[in-house]
Amino acid sequence: MSLSFPIRSNPFRFLLYIEWGLVATCAVADSLVSIIFSQTPHLSIPFVVILLVFGIMGLMLPGDNTLSKVVYTSIEIGLILFGSTFGYLQFWPLLLIVVVIRSCFLFEESGRYLLATLVFFLFLILKAQSVSSIAFSLSFSEQGIFWLNQLNHTFLFGVGLLFLLRLVNTVFTERQIQEQLIIAHKQLQQYVVQVEDLAVVRERNHIAHNIHDSLGHALAVLNIQLQSALKFWQVDLHQAHQYVLQSKQLGSFAMQEVRRSVNTLRVDVPKERSLQMAIAFLAREFHHATGILPTTQLNLTSALPLEVSKTIYRIVQEALTNIYKHAEATAVHIHLSAIPEQVYLTIEDNGKGFQLDQESMGFGLQEMQQRVTLLKGQFQIGSELGTGCCLTVRLPLSEFPSNTPQPLGSSRKYLTLQKSFVQ
């Protein structure tokens, strides 16, 4: 079995700096001890080699191979044992702390605590070996103080290891959470893009469906009428004239459908106007297309959340489109009101109605229902043949706690808008 050590850098620079600081402290402290207590102070070659190798190892961490991690840690502990046993390292506990720090990059949490326990027992063994010769040379009273100090040192070392593990585990946990948040944020951005793409595709399909059903049919009939007019132009001028008149009406209808499709592509609720003004604009367009002026009852004392306003705008737009195409109605009523808990919308017409079943739920009605469902609202349709149709929507406002209602324009301004709209 080959031992491979794929080099990877230390992922936390500040922990690497702590390691170097501890190694430097060990070097300086051992140097001072050698200078103060040795008659011939000097730095031995083994001492320099041990610290140099130990410090460089902090820059090179093994990969995911478990055996490589064990060998790496064993080399570190072997250097410490060699230095402390032969008297080259006086402050070897600092290097044991470095070993525990590096283990946090190599092992899982259970492995870190296992290695910390091993390091603590190694500390006890080396401590007993270093103080055993000193303790027996002291008097009985001095031995009591001496062993009390050693107990304090052992306790502080154990507490320091535990605190260090908790600190590093917290740092690692925070980093993992940040990485997960980054990944979740990227996924969320991808989902947003996908949702936007799906929304665009849905709108395009809706517009294509409308163009195919209305504008495409009108242009096809217009082409047939013009061909018939050309055939009768030399034979029956009066009949050809009738075909031309019918073609002109079909051309006007086609222009209205183009205008309606273009209006569908506009922004839901422009920022510069309120929801009331947007609904008034839709009612005015409906009036121009059909000659029917919808009656509106809009009771809003404050601005609605943007998502709710967009949904209501689209529902009113789609409902008026369906009434224009299918209902054959002569009267339409729109009622919109809001209370602090929910907003309530009804759209009624006196058209021919339809038999309510799943097959009658066309693309437009399904889209309205989906919009309401996304906002956790309620969507109901009541209709029977010959009795018109009533569409009811309830949207909760409690789902938007961050929304701060802003006062709408004055009631006088709104009445002026309604007056000009009716005129």
Side-chain angles (χ1 to χ4, degrees), residues 203 206-207 209-211 213-215 218 248-304 306-338 343-352 364-365 367-368 371 388-393 395 406-423:
E203 293 294 339
H206 190 194
I207 295 172
H209 183 269
N210 291 337
I211 292 176
D213 288 350
S214 55
L215 184 58
K248 182 178 181 300
Q249 293 176 355
L250 288 172
S252 299
F253 174 78
M255 288 298 298
Q256 292 177 358
E257 289 301 316
V258 171
R259 179 187 301 176
R260 183 175 299 277
S261 298
V262 171
N263 289 336
T264 303
L265 294 175
R266 293 181 178 178
V267 180
D268 291 331
V269 183
K271 295 181 180 180
E272 61 271 11
R273 65 185 181 187
S274 64
L275 178 60
Q276 289 98 320
M277 297 177 64
I279 294 177
F281 171 80
L282 293 176
R284 184 168 64 250
E285 290 291 311
F286 184 83
H287 182 216
H288 290 165
T290 63
I292 302 172
L293 178 63
T295 59
T296 58
Q297 184 179 359
L298 311 178
N299 301 322
L300 298 178
T301 58
S302 61
L304 299 177
L306 182 59
E307 294 84 352
V308 176
S309 297
K310 286 184 177 181
T311 299
I312 291 175
Y313 178 84
R314 282 302 191 189
I315 290 175
V316 174
Q317 184 184 50
E318 185 62 35
L320 292 178
T321 300
N322 290 341
I323 293 172
Y324 166 70
K325 290 184 176 180
H326 310 295
E328 299 178 6
T330 59
V332 180
H333 179 69
I334 301 174
H335 176 242
L336 177 65
S337 61
V343 58
Y344 178 84
L345 171 68
T346 57
I347 303 175
E348 299 180 72
D349 68 79
N350 64 346
K352 62 181 182 180
L365 292 177
E367 184 179 12
M368 284 190 280
R371 290 180 183 274
C389 178
C390 179
L391 185 149
T392 304
V393 174
L395 296 175
Q406 300 294 334
L408 295 173
S410 63
S411 58
R412 179 179 298 178
K413 179 179 178 181
Y414 177 65
L415 292 175
T416 303
L417 172 64
Q418 287 291 85
K419 182 177 180 181
S420 62
F421 162 65
V422 173
Q423 292 175 352

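Residue indices begin at 1 and follow the sequence shown. Side-chain atoms are counted along with the backbone in the values below, which use heavy atoms only and exclude waters and symmetry mates. Quick caveat, the model's predicted, so the values are computed rather than measured.
Atom-to-atom distance recorded for Gln297:CD and Thr346:OG1 is 8.0 Å, nearest 0.5 angstrom. Atom NZ of residue Lys310 and atom CD of residue Gln317 lie 13.5 Å apart, to the nearest 0.5 angstrom. Here OG1 of Thr295 is found 9.0 Å from CD of Glu348. Values are rounded to the nearest 0.5 Å. Put simply, CD1 on Ile347 and CD on Glu318 are 10.0 Å apart, with the number rounded to the nearest 0.5 Å. Taking CG of Leu391 as the start and CG of Leu345 as the end, the distance is 7.0 Å to the nearest 0.5 Å. Within the model, atoms CD1 of Ile312 and CG of Leu300 stand 7.0 Å from one another, a figure rounded to the nearest 0.5 Å.
Across Met368 and Ala319, no two heavy atoms sit closer than the pair SD-N, 4.2 Å. The two residues Thr290 and Tyr324 make their nearest non-hydrogen contact at CG2-CD1, 3.0 Å. Closest of all the heavy-atom pairs between Leu293 and His287 is N-CD2, 3.8 Å. Residue Thr330 comes nearest to Ile292 through the heavy atom pair O-CG2, 3.6 Å, listed as atom of the first residue, atom of the second, then distance. Looking at every heavy atom in both residues, Ser309 comes nearest to Leu275 through O-CD1, 3.8 Å. Here the shortest heavy-atom pairing between Pro294 and Ala283 reads CD-O, 3.8 Å.
Within the 4.5 Å cutoff, no side-chain heavy atoms of Leu336 are placed close to those of Gln276. Side chains of Thr321 and Phe286 form no contact here, defined as non-hydrogen atoms less than 4.5 Å apart.
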Could you go through the side-chain contact (heavy atoms from CB on, under 4.5 Å) check for Val393 and Leu395 one step at a time? CA-CA 7 Å; Val393 174; Leu395 296 175; 3.9 Å; yes
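Remark: Ala329 pairs with Ile323, Ala327, Asp349, Asn350 by the side-chain contact (heavy atoms from CB on, under 4.5 Å) rule, at least two apart or across chains. Partners of Lys352 under the salt bridge (Lys or Arg N to Asp or Glu O under 4.0 Å) rule, at least two apart in sequence or in another chain, are Glu328.
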